[in-house]
Amino acid sequence: MDPEEFRRAGHAVVDWIADYWATLGQRPVTSQDPPGTVAAALPAGPTAHGEPVSALLADLDALVAPRLTHWQHPGFFGYFPANTSGPSVLGDLVSSGLGVQGMLWASAPACTELETVMLDWLAGLLGLPERFRSTGSGGGVIQDSASSATLVATLAALHRASGGRWREVGVDRRYRAYTSTEGHSSIEKAARIAGLGRDGVRVVAVDPGTLAMDPDALRTAIRADLAAGDVPAIVVATIGTTSTTAVDPVPQIGAICAEYGVWLHVDAAYAGAAAVCPELRWSHAGLEHADSYCFDPHKWLLTGFDCDAFWVADSADLVAALTVLPEFLRNAASDSGAVVDYRDWQVPLGRRFRALKLWFVLRWYGVEGLRAHVRSHVALADRFAARVRADDRFVLAAPHPFSLVCFRLAAGDEASAGLLEKVNATGRVFLTHTRVAGRFTLRLAIGSPLTTQAHVDDAWELIASAAG
C-alpha cells in the first residue's frame with residue numbers, strides 16, 4: 001500500500017467510522033446472536049491474493065458491527081465507560097502511522113518527552129500534589145490499564161519493603177497487601193503475579209454506610225501481621241470503587257501508612273477524571289500521603305483505550321525494582337542520567353506512542369471542555385437518581401457522588417435480576433449489576449459522549465415500565 005493508496009483507503013475508513021458514530025443510536029446496544037456466530041461466518045483461512053479495503057469495510061458492516069456490544073452507544077450504561085472521541089482516534093492514527101517504539105528516550109525522544117509533559121499537564125488539571133510532577137523526584141507514565149499500575153506499584157512496594165533484597169532473591173518472607181472488601185480484583189491478581197499469592201492480600205472491612213475502607217480495621221490488620229512477623233508492603237486505597245464508586249478515607253489511611261512505613265497506592269481508575277472539576281476534588285483529599293496514584297483517561301476523559309495515567313512520588317524504587325539493562329540497550333543518553341527511559345517504569349520493554357492521543361484530546365477539548373463533559377454526566381446521574389428516589393418501587397443502594405447510580409427493586413433480588421434481564425433484552429440500553437450488602441443491585445453508569453438527557457430519561461421510562 002503506497003502513500004496514495006493509503007490516502008484513498010484512509011478516507012474510506014474515516015468515513016466508515018464517522019458513519020458508525022452517526023448511526024449508533026439506531027443500533028441495538030448489544031448483539032443477540034449466539035456464541036460462535038462470527039467465527040462460523042469467517043473463511044477457513046486468508047485469501048491467496050489481496051483484497052481491496054472496500055471488501056474489508058463491507059465485512060465490517062455485515063459481520064462485525066452487528067455483533068458487537070457498542071461501548072460508545074448513547075444507551076450503553078454498563079460497567080464503567082470506555083470513552084473515545086474524534087481527537088483521540090486521530091491521535092491513535094498518527095501514533096500508528098509513525099510506528100515508533102518508545103522503550104528508551106534514545107529510541108524515540110519526542111515520544112518520551114511528550115509523555116512526560118502530558119502527565120505533568122494532567123497532574124495540574126487534576127490538582128495533584130507537586131510531588132507527582134517530573135520537576136522533582138516523582139513523575140508520571142502511561143500504563144495500559146489501572147491493573148498494570150497496581151502491579152508495578154506492588155513490585156515497587158516489595159522492593160522498598162525488602163530494602164532492595166526482593167530484586168535479587170525474590171519473595172523470601174511473607175509480605176502483605178491490603179485493600180478493602182470493595183477493592184478491585186486487579187489487586188489480588190497483582191499479588192498473585194508478584195508471588196504473594198491470594199493469601200497475601202488482607203481484605204479490610206468497610207463502613208456499612210459508605211462502603212469505604214475502615215481505617216481502624218486497617219490498623220488492626222497491620223498490627224496483627226507485624227505481631228506474626230509478616231511485612232506490610234502496600235495498601236491500595238480506592239477513589240471510586242467499581243461496584244458503587246465509594247471513596248476510601250485517604251487522609252486517615254495515609255496517616256496509618258506513614259506510621260508503619262507502608263507504600264500507599266491510590267486507585268482512582270474511574271473517578272479520578274472527576275478531579276478536573278474543582279468542586280469534585282474533595283474526593284482526592286489526602287493524596288499528599290500517596291506513594292503512587294493512577295486514573296484512566298480511557299474511562300471518563302474521552303481518550304480511547306488503552307491509557308492509564310500513573311504517577312509516583314519518588315521514581316527511585318520503581319526504577320530500581322524494574323530496570324534490567326542488557327548491553328544492546330546501552331546508550332550515551334541513558335548513561336548520562338539526563339533522560340527518562342520509560343521501559344523502567346512498566347513490565348513490558350516496548351511501548352506505543354500513547355501520549356499522542358492524550359495530546360490531541362487535551363488540546364481539542366481544553367480544560368473547560370473536559371470539565372463540561374464530566375459535569376454533564378454528574379448532572380444526568382443526579383437526575384436519574386432523583387427519578388429512582390421518587391418511585392417507591394425502587395431503592396437507591398448507595399451514594400452516587402459521580403456518574404454511577406446503583407439501585408434495586410424493593411421487591412427483592414429475584415425481581416431486580418429479572419428487571420435487568422428484561423431491560424437489556426430490548427437492545428435499547430445496556431446495564432450491568434453488582435451486589436451491595438449482599439443484595440442484587442443494578443448499576444447505571446453514564447459516560448458516553450453521545451449520551452444526552454433524552455437518553456437518560458428514555459432509560460428511566462424503559463426501566464420504570466419494565467418494573468411493572
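From a predicted model like this one, the values you see are computed outputs, not experimental measurements.
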**Report entry** Whether Asp248 side chain and Met213 backbone form a donor-acceptor pair below 3.5 Å
**Finding:** yes

Report task. Taking the side chain as every heavy atom from C-beta outward, state whether Phe394 and Ile463 have any atom pair closer than 4.5 Å. Result -> yes

Query raised in the report: Between Trp311 and Tyr293, how do the two ring planes meet: parallel, tilted or perpendicular, split at 30° and 60°?
Result: tilted

**Report entry** Sub-6.0 Å ring centroid separation between His400 and Phe384
**Finding:** no

Listing, residues 73-84 side-chain donor-acceptor contacts under 3.5 Å, not counting sequence neighbours, or none:
| unit_1 | atom_1 | unit_2 | atom_2 | d |
| --- | --- | --- | --- | --- |
| His73 | ND1 | Gly75 | N | 2.8 |
| His73 | NE2 | Leu24 | O | 3.0 |
| His73 | NE2 | Arg27 | O | 2.8 |
| Asn83 | OD1 | His373 | NE2 | 3.4 |
| Asn83 | ND2 | Gly447 | O | 2.7 |

**Report entry** Point-to-point distance, once rounded to the nearest 0.5 Å, from OG of Ser416 to CZ of Arg439
**Finding:** 7.0 Å

Query - Under 3.5 Å: donor-acceptor pair, side chain of Asp207, backbone of Thr210 - result: yes

Requested in this report: For the pair Leu280 and Arg375, evaluate side chain to side chain contact (heavy atoms under 4.5 Å, CB included) and give the outcome as yes or no after the intermediate values.
Outcome: CA-CA 10 Å; Leu280 295 174; Arg375 284 170 176 154; 5.9 Å; no

Report task. Determine the minimum heavy-atom distance between Ile142 and Glu115, stating which atoms define it. Result -> N-OE2, 2.8 Å

Query raised in the report: Going by atom types alone, do Thr238 and Tyr270 pair a side-chain donor with an acceptor below 3.5 Å?
Result: no

Query - Stepwise side chain to side chain contact (heavy atoms under 4.5 Å, CB included) check, Ser148 with Asp308 - result: CA-CA 9 Å; Ser148 291; Asp308 169 81; over 6 Å; no

Report summary line: In short, Ala459 meets Leu444 closest at the heavy-atom pair CB-CD1, 4.4 Å

Query raised in the report: Would you say Asn424's side chain and Leu431's backbone share a donor-acceptor pair under 3.5 angstrom?
Result: yes

**Report entry** Heavy-atom check, side chain of Arg389 versus side chain of Phe407, under 4.5 Å
**Finding:** no

Requested in this report: State whether the side chain of Asp291 and the backbone N or O of Leu264 hold a donor-acceptor pair below 3.5 Å, judged by distance alone.
Outcome: yes

Query - For Thr154 against Ala194, the heavy-atom pair lying closest together - result: CG2-CB, 4.1 Å

Query raised in the report: Under the 3.5 angstrom rule, does the side chain of Gln252 hit a backbone N or O of Gly286 as a donor-acceptor pair?
Result: no

Query - Minimum side-chain heavy-atom gap Leu119-Ser134 below 4.5 Å - result: no

Query raised in the report: Are any non-hydrogen side-chain atoms of Pro297 and Val361 less than 4.5 angstrom apart?
Result: no

Requested in this report: May I ask you to decide if the ring planes of Phe305 and His298 are parallel, tilted or perpendicular, using 30° and 60° as cut-offs?
Outcome: tilted

Report task. To the nearest 0.5 angstrom, please state how far the CH2 atom of Trp364 sits from the CG atom of Leu370. Result -> 13.0 Å

Query raised in the report: Crowded around Trp71 CH2? As in, over 12 foreign heavy atoms under 6.0 Å?
Result: yes

Report task. Check the pair Phe440 / Leu419 against side chain to side chain contact (heavy atoms under 4.5 Å, CB included), numbers first and verdict last. Result -> CA-CA 11 Å; Phe440 189 98; Leu419 174 62; over 6 Å; no

Report summary line: dist Ile187:CD1 -> His265:NE2 (nearest 0.5 Å) comes out at 7.5 Å

Requested in this report: Would you check if Val276 and Leu126 make a side-chain contact, meaning some heavy-atom pair closer than 4.5 Å?
Outcome: yes

Requested in this report: Ignoring hydrogens and angles, tell me if any N or O in the side chain of Ser95 forms a donor-acceptor pair with the backbone of Phe353 under 3.5 Å.
Outcome: yes

Query raised in the report: Within a strict 4.5 Å, meaning less than it, do heavy atoms of the Leu396 and Val405 side chains meet?
Result: yes

Requested in this report: Check for a donor-acceptor pair, side chain of Arg176 on one end and backbone N or O of Asp199 on the other, with a separation under 3.5 Å.
Outcome: yes

**Report entry** Arg435 and Asp413, any side-chain heavy atoms less than 4.5 Å apart
**Finding:** yes

Report task. Just do the ring-ring contact (aromatic ring centres under 6.0 Å, His included) check on His70 and Phe430 with the steps written out, would you? Result -> CA-CA 9 Å; His70 299 285; Phe430 177 67; over 10 Å; no

Query raised in the report: Any ion pair linking Arg387 and Glu461 (charged N to carboxylate O, less than 4.0 Å)?
Result: yes

Requested in this report: Start with the C-alpha gap between Thr441 and Arg408, add the side-chain angles, then the distance that decides, and say whether side-chain hydrogen bond (donor to acceptor under 3.5 Å, both in side chains) holds.
Outcome: CA-CA 5 Å; Thr441 300; Arg408 56 182 170 81; 4.8 Å; no

Query - Any donor-acceptor N/O pair, Ser88 side chain to Ser85 backbone, under 3.5 Å - result: no

**Report entry** Backbone N/O of Tyr20 and side chain of Thr23: donor-acceptor pair under 3.5 Å
**Finding:** yes

Report summary line: Value for OH (Tyr365) from CG (Leu301), rounded to nearest 0.5 Å, stands at 10.0 Å

Report task. Could you grab the distance from atom OG1 of Thr179 to atom CG of Asp267, nearest 0.5 Å is fine? Result -> 8.0 Å

Query raised in the report: If you take all heavy atoms of Ala273 and Val374, which pair is closest and at what distance?
Result: O-CG2, 4.0 Å

Query raised in the report: Heavy atoms, side chains only, cut-off 4.5 Å: are Arg343 and Leu322 in contact?
Result: no

Query - Derivation of the side chain to side chain contact (heavy atoms under 4.5 Å, CB included) call for Asp15 and Leu57 - result: CA-CA 10 Å; Asp15 283 344; Leu57 295 180; over 6 Å; no

Query raised in the report: Which distance, rounded to the nearest 0.5 Å, do you find between the CD of Gln101 and the CG of Leu349?
Result: 6.0 Å

Query - Where Cys406 and Ser243 come nearest, the two heavy atoms and their spacing - result: SG-O, 3.3 Å

**Report entry** Carboxylate-amine/guanidinium contact Lys357 Asp92, below 4.0 Å
**Finding:** yes

Report task. Classify the side-chain pair Ser315/Trp345 by whether it contains a donor and acceptor separated by less than 3.5 Å. Result -> no

Query raised in the report: Hey, is the main chain of Asp216 close enough, under 3.5 Å, to the side chain of Asp214 for a donor-acceptor pair?
Result: yes

Report summary line: Heavy atoms of Trp263 and Ser292 approach each other most closely as NE1-OG, 2.9 Å

